[in-house]
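As the structure is a prediction and not an experimental result, all values here were calculated from the model.
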There are 2 protein chains.
Amino acid sequence: MGVTIKKIAEDLNLAVSTVSKALRDSHEISADTKARVFEYATKINYSPNPYASSLKGRRSRNIAVVVPEVSDSFFSEAINGIEEVAQREGYHVMIYLTHEDGKQEQAIVNDLGNGRVDGILISVAAGATDHDHFDDVKLPLVFFDRVREDIPSTRIVTNDYESGYNAVKHLISRGCRRIAFLSAFGGLNIIRYRREGYLQALKDHGIDVKNCPIVSCTNNESENLRILTQVLDHTERPDSIIGSVEKVTMQAYVACHELNLSIPVDIKVVGFSHLQIASLLNPSLTTITQPAYEMGRAAATALFKTLSKKKLDVVNEQIEIPSVLIERASTR
Amino acid sequence: MGVTIKKIAEDLNLAVSTVSKALRDSHEISADTKARVFEYATKINYSPNPYASSLKGRRSRNIAVVVPEVSDSFFSEAINGIEEVAQREGYHVMIYLTHEDGKQEQAIVNDLGNGRVDGILISVAAGATDHDHFDDVKLPLVFFDRVREDIPSTRIVTNDYESGYNAVKHLISRGCRRIAFLSAFGGLNIIRYRREGYLQALKDHGIDVKNCPIVSCTNNESENLRILTQVLDHTERPDSIIGSVEKVTMQAYVACHELNLSIPVDIKVVGFSHLQIASLLNPSLTTITQPAYEMGRAAATALFKTLSKKKLDVVNEQIEIPSVLIERASTR
DNA sequence: GTTATTTACGAAACCGTTTTCGTAAAATGG
DNA sequence: CCATTTTACGAAAACGGTTTCGTAAATAAC
């Protein structure tokens, strides 16, 4: 249907191969033939069929972005960064949502192996129990934020351990001694590191760990509210909360509002988040803000660096971009 | 590299065409041959090369989603809906961000014409001045939210006029008489309709329009803060604000905070938004919540309906999914 | 038992591009 | 002026499927 090389060749009395080479600026084609071809091609608005090129060249110029969800501000900002780099490099971005479901993640990743994309950027699902579905992926793989450390690949992370540590340090400096940690659903590494940083900081500052509950949240909002209410609704309650992901932090806000606990008077809150409107919350939220945009850019850049090589092996390295603690009213 | 039909054919002593037909469950292949092929194919984990199929069949099973940005909660929720439908239908979603830039939108749409995708879902950029770059698009096109009415295509919209009207009605019922309308950047239809609903409601309720400024916001945050401060920082200021998009509503919050105006005592605010955390804002925000997820689903469904037909013409119709006004503390 | 039809498969063309290889003509070398 | 290299192009074979068409064998029809 569209205008093809064949049509150009016929109209210009040239061979198909000549036109193809001219368009790719081959040295075997004379300057004026190239000029003739270019001129005519732009005139009739020629655009190469991507499938033919991909079929022959084994390059699709597509990349896949596999994330748990897109309505989390961290992921949407990361996608923003990824898309910018991709567009500049002439790549196309395909997006897949796992909804934190390991099975679905597996199905998606498997489906990607047939050449539809040249590489994958992924932040793994929290509900990924099955741990072998990356083994037979032959595509270059770059993990960002939620990484798999047992797989040789590039990993773009933030300083989760340190951030957990700093959150505690910050709360202690505000007089807190009963610091709760809200663990997110699933067994994600990033949560584990944040928790370990939290625990180490408690230890280093001589805080009694017995008063510092680690609350395991689920993937269900109302269930979490029930759990949080249970933790907060008694006199021995914590004097501060660290939300390990955006969602549970928001749920902690809801629980405090419902229990008429005043933030930051009755309880202080700091949350891992990327919300640009954290400052507009009631009260404005002290956040550990992850460099989502930069992590997206870094992940995409790492992938394209690999794709530009002959050998499609992602270098096995870890790139850390630090988060920053932004103090607001919730810990004042 | 991967396992191909040819390999299956050789290993099973069949012709390539036989294998192809068997895999597509053709009636010309006997039941036991089909069984043999299926079994072997699954055993060696065969997956068809999408480029070969697309090249021959002129179907890519890809669709493009072109949106201004992904960090706006409306668009991220819409993408969520789109992706769900697409995944169910076996389609792949390519995402493109225009950053409200008409030129970039044009470049993206042009680049999509060569068959990389089978159809396009688009919400047009606010900065689209050039109005002819959809004319030569031969792909099925479905607009959602920000539509182009002069182009025959399916349009998924919400009741913008009515919502603008209802926002005013709600504020009037709360005693407001000096109602400001914050227009968003660009000449979007949706903003115009919301504004027209706003104006009609003022008229119908006998409100003096002179006290109801229409504030033209820009695409620049600090510039908007300057403008908003100018509007709010005097005694004759409005007693209420309608934010026509999420961003300017949030900026109005910031401006009020900076000017120490108490919401809702000094000024009431209602905003077009999809924020799930609107209830956590300071104070919780009365929103006109657009059915983002449903609009995404509807847009994708309409597109796939077209793609399943022989004739690839999108029906020229408009589907309206109503928004709902959710009352919260900002207008109490 | 002969002819007509159906069944089950294979050969080959095709989708649009890239790439290898072959080869006249032109340019260069001695 | 003849031998060799370079230049500029064309023919054809891929890439991995799908689809049309042809055709033996099996079955049905009469």
When the nearest nucleotide of DNA chain D is assigned to B/Asn49 and to A/Ser17 on a heavy-atom basis, which residue is associated with the more 5' position? A/Ser17
Identify whether the distance between the nearest side-chain nitrogen and carboxylate oxygen of A/Asp11 and A/Lys7 falls below 4.0 Å. yes
Assert: residue with more 5' nearest nucleotide on DNA chain C, out of A/Val16 and B/Asn13, is B/Asn13
Whether B/Glu149 and B/Arg155 form a salt bridge (side-chain N of Lys/Arg under 4.0 Å from carboxylate O of Asp/Glu) is what I want to check. no
Polar contact flag, side-chain donor to acceptor under 3.5 angstrom, A/Arg116-B/Asn62: yes
For residues 23-35 of chain A, which residues have at least one heavy atom under 4.0 Å from DNA chain D? A/Glu28, A/Ile29, A/Ser30, A/Thr33
What contact category does A/Ser53 fall into here, base, sugar-phosphate, or nothing, at under 4.0 angstrom with non-hydrogen atoms? sugar-phosphate
Of the candidates C/dT17, D/dT19, C/dG16, the side chain of B/Ser20 sits closest to D/dT19
Round to a whole Å and report the spacing from CD1 of A/Ile5 to C1' of D/dC9. 15 Å
Decide, yes or no, whether a salt bridge links B/Glu28 with B/Lys21 under the criterion of side-chain N to carboxylate O below 4.0 Å. yes
B/Ala52 side chain, from C-beta outward: closest of D/dA11, D/dG16, C/dG16: D/dG16
Rounded off to whole Å, could you give me the NZ-to-C1' distance for the A/Lys56 and D/dC15 pair? 6 Å
Once you round it to whole Å, what is the distance between C1' of C/dT17 and CZ of A/Arg59? 16 Å
Flag the pair B/Phe134 / B/Ile120 as yes when at least one side-chain heavy-atom distance between them is below 4.5 Å, and no otherwise. no
Regarding the side chain of B/Lys21, the nearest nucleotide among C/dC9, D/dG16, C/dT17 is C/dC9
Give the rounded distance in Å between these two atoms: NZ of B/Lys6 and C1' of D/dA13. 11 Å
Nearest to the B/Ala15 side chain among C/dG10, C/dT17, D/dC15, which nucleotide is it? C/dG10
Could you tell me whether B/Glu100 and B/Arg146 have a side-chain N and a carboxylate O separated by less than 4.0 Å? yes
Check whether B/Phe143 forms a cation-pi arrangement with B/Arg148 (NZ or CZ under 6.0 Å from the six-membered ring centre, at most 45° off the ring normal). no
Within this structure, what is the OH-to-P distance between B/Tyr51 and C/dT18, rounded to whole angstrom? 15 Å
Whole-Å distance between C/dG16 C1' and A/Lys7 NZ? 15 Å
Between B/Leu12 (CG) and C/dC9 (C1'), how many Å, whole number? 14 Å
Among D/dC21, D/dA11, C/dT17, which nucleotide has an atom closest to any side-chain atom of A/Pro48? C/dT17
Would you indicate, yes or no, if D/dG17 has its OP1 or OP2 atom less than 4.0 angstrom from a side-chain nitrogen or oxygen of B/Tyr46? yes
Between C1' on D/dG17 and CG on A/Asn114, what's the gap in Å once rounded to a whole number? 12 Å
